[in-house]
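Below is one structure, written out as structure tokens, with a few remarks after it.
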Amino acid sequence: MPRTKEQYEAMRTATINKIHSAAIKLFAKKGFTATSVHDIAEGAGISIGLMYRHYKTKEDLFNELVSYAATGLEKIVEKFQSDESPVELIRQFTLEILNDFEKDDAFAELLMLMNQSSMIEDPSPQIQYLNEQSEAMLNQTARLIEKGQNLGQFKQENASEMAFYYFASLQGLAMIKITMRKRYITPSLKIVTEFLIGDNISSNSICCQQQL
């Protein structure tokens, strides 16, 4: 029986997902320049011809992945602008990242790809936008920390420095995850956020602020 439009669309989506997964893994491991279209097609388990049917160039594929990453950063910024408790927002977000690290390499590889894109000379509009969103995320995180400090939820240090340190820690974990593979050990939520929250922050103070 001939395939329906829905079946063709499902096949197309499955192929694109395979390409994305293979490309992210290879870009994270080998870098953009050292990764070839042939490498990506082989990693995705498809032919070169099928690869070119979906993406005319390696740059087109990379830019699509970058746009995907930028959209993710936009959602983080929006989430951090909500009226939820700052300390709970940080805890929830951090726990999601740590769980992703524990599950597989996919998110760590995406973070590595994002890091590589920031160092590309003559960046595309997609990469420029990703860089803008990265800066927006850092700035919004600093504002969230300041809000939490005013509520007595976070330590009283420079909020911008704490935001940089927070994301540098996550980026560092991603790099270690990729390089150490099976030897990698995911740290606890407490260890990752202790510099920001710490044992000296009263849990009663947090609970009281959440009820306001």
Side-chain angles (χ1 to χ4, degrees), residues 6 8-82 89 92-94 96-97 99-101 103-144 163-164 166-168 170-175 177-178:
E6 289 77 13
Y8 274 114
E9 184 60 30
M11 291 172 60
R12 177 181 179 277
T13 300
T15 300
I16 289 177
N17 288 339
K18 290 180 182 178
I19 293 172
H20 284 185
S21 179
I24 292 173
K25 186 179 295 293
L26 287 164
F27 288 145
K29 181 179 179 180
K30 300 176 63 174
F32 175 78
T33 302
T35 299
S36 68
V37 173
H38 181 272
D39 291 334
I40 298 171
E42 185 177 32
I46 63 174
S47 67
I48 290 288
L50 183 56
M51 176 75 185
Y52 280 119
R53 283 178 59 185
H54 291 282
Y55 299 99
K56 294 181 179 179
T57 67
K58 181 176 65 174
E59 287 75 14
D60 288 343
L61 171 56
F62 190 82
N63 285 331
E64 184 168 303
L65 294 174
V66 165
S67 295
Y68 169 78
T71 299
L73 295 185
E74 287 178 355
K75 292 179 179 178
I76 295 172
V77 172
E78 291 176 1
K79 184 68 174 178
F80 282 4
Q81 289 174 336
S82 72
L89 283 171
Q92 291 168 12
F93 176 73
T94 307
E96 288 175 3
I97 300 297
N99 286 339
D100 282 337
F101 285 163
K103 181 174 60 177
D104 54 38
D105 295 341
F107 187 73
E109 290 165 347
L110 181 60
L111 287 182
M112 296 300 294
L113 179 145
M114 293 166 63
N115 185 54
Q116 288 182 25
S117 68
S118 67
M119 297 182 288
I120 291 179
E121 297 182 2
D122 191 22
S124 65
Q126 292 90 339
I127 293 175
Q128 291 179 26
Y129 187 64
L130 174 64
N131 293 338
E132 291 170 2
Q133 289 305 307
S134 295
E135 186 171 353
M137 181 183 66
L138 278 170
N139 293 336
Q140 184 56 45
T141 302
R143 286 191 286 269
L144 181 68
F164 270 94
Y166 174 70
F167 285 108
L170 296 178
Q171 187 71 45
L173 286 175
M175 183 177 296
K177 168 74 173 176
I178 297 302

Handout entry: Tyr68 atom OH, over 12 foreign heavy atoms within 6.0 Å
Key =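 Not more than 12 within 6.0 Å, no.
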Practice task
Would you please classify the geometry between the Tyr166 ring and the Phe93 ring as parallel, tilted or perpendicular, with 30° and 60° separating the classes?
Solution key: tilted
Let me have the donor-acceptor pairs involving side chains of residues 126-137, under 3.5 Å, with sequence neighbours excluded, atom names and distances please.
residue, atom, partner, partner atom, Å
Gln126, OE1, Ser124, OG, 3.3
Gln128, NE2, Pro123, O, 3.1
Tyr129, OH, Glu74, OE2, 2.3
Tyr129, OH, Gln133, NE2, 3.2
Asn131, ND2, Ile127, O, 3.4
Ser134, OG, Leu130, O, 3.0

Does [Y] offer a backbone N or O that forms a donor-acceptor pair with the side chain of [X] under 3.5 Å?
{"X": "Lys177", "Y": "Ala108", "answer": "no"}
{"X": "Ser82", "Y": "Glu78", "answer": "no"}
{"X": "Lys79", "Y": "Leu89", "answer": "no"}

If every non-hydrogen atom of [X] is compared with every non-hydrogen atom of [Y], which pair is closest and at what distance?
{"X": "Gln116", "Y": "Phe27", "answer": "NE2-O, 2.5 Å"}
{"X": "Phe32", "Y": "Lys58", "answer": "O-NZ, 2.9 Å"}
{"X": "Ala174", "Y": "Met112", "answer": "C-SD, 4.3 Å"}

Distance in Å, [X] [atom1] paired with [Y] [atom2], rounded so as to fall on 0.5 Å steps:
{"X": "Thr71", "Y": "Lys75", "atom1": "OG1", "atom2": "NZ", "answer": "7.0 Å"}
{"X": "Phe167", "Y": "Thr141", "atom1": "CZ", "atom2": "OG1", "answer": "3.5 Å"}
{"X": "Asn17", "Y": "Arg12", "atom1": "CG", "atom2": "CZ", "answer": "10.5 Å"}
{"X": "Asp60", "Y": "Phe62", "atom1": "CG", "atom2": "CZ", "answer": "12.5 Å"}
{"X": "His54", "Y": "Leu61", "atom1": "NE2", "atom2": "CG", "answer": "11.0 Å"}
{"X": "Leu173", "Y": "Phe107", "atom1": "CG", "atom2": "CZ", "answer": "11.0 Å"}

All N/O donor-acceptor pairs, side-chain side in residues 18-25, below 3.5 Å, sequence neighbours left out:
residue, atom, partner, partner atom, Å
His20, NE2, Tyr55, OH, 2.8
His20, NE2, Glu64, OE2, 2.9
Lys25, NZ, Glu109, OE2, 3.1

Exercise for the section: May I ask you to test the Lys103-Asn99 pair for a side-chain heavy-atom distance under 4.5 Å? Expected result: no
Practice task
Find out whether Arg53 and Thr15 are in side-chain contact, i.e. whether some heavy atom of one side chain is under 4.5 Å from a heavy atom of the other.
Solution key: no
Side chains of residues 37-49: which donor-acceptor partners sit under 3.5 Å, not counting sequence neighbours?
residue, atom, partner, partner atom, Å
Asp39, OD1, Ser36, OG, 3.4
Asp39, OD2, Lys30, NZ, 2.9
Asp39, OD2, Ser36, N, 3.1
Asp39, OD2, Ser36, OG, 3.0
Ser47, OG, Leu50, N, 3.1

Practice task
Start with the C-alpha gap between Leu113 and Val66, add the side-chain angles, then the distance that decides, and say whether side-chain contact (heavy atoms from CB on, under 4.5 Å) holds.
Solution key: CA-CA 8 Å; Leu113 179 145; Val66 165; 4.3 Å; yes
